[in-house]
Amino acid sequence: MIYVLAAIGALTVAVLMWKAFGPEMGSRRRGQAPIAPDDDPDFLRRIDEEQRRQRHDEE
């Protein structure tokens with residue numbers, strides 16, 4: 001019985017260590033890398049709309 005408890009304890013410690021120090025460490029997994037303005041679809045859409053408005057106002 002003591003071996004079963006020791007195995008469960010060791011497994012628990014291993015899982016916690018994996019989550020804390022695994023391949024995707026905490027801060028990398030939580031947030032996304034910043035997107036450059038020229039890769040951001042919303043930014044590009046806004047620029048396009050502004051250019052269309054300016055062309056329309058000039059005509």
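Values in this document were obtained by computation on a predicted structure and should not be read as measured data. Side-chain atoms are counted along with the backbone in the values below, which use heavy atoms only and exclude waters and symmetry mates. Residues: numbered from 1 along the sequence shown.
In this structure, CG in L44 is found 8.5 Å from CG in D48, a value given to the nearest 0.5 Å. Taken to the nearest 0.5 Å, the CZ atom of F21 stands 10.5 Å off from the CG atom of L16. To the nearest 0.5 Å, atoms CD (Q51) and CD (E49) are separated by 11.0 Å. Atom CZ in R52 sits 7.5 Å away from atom CZ in R55 (nearest 0.5 Å).
Looking at residues two or more places apart in sequence or on another chain, you find a salt bridge (charged side-chain N to carboxylate O under 4.0 Å, His left out) between D42 and R45.
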> Checking salt bridge (charged side-chain N to carboxylate O under 4.0 Å, His left out) for the pair D57/R53: CA distance, chi angles, key distance, verdict?
Replying inline: CA-CA 6 Å; D57 291 343; R53 276 190 226 124; over 6 Å; no

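A salt bridge does not link E50 to R46: none of the charged nitrogens lies less than 4.0 Å from a carboxylate oxygen.
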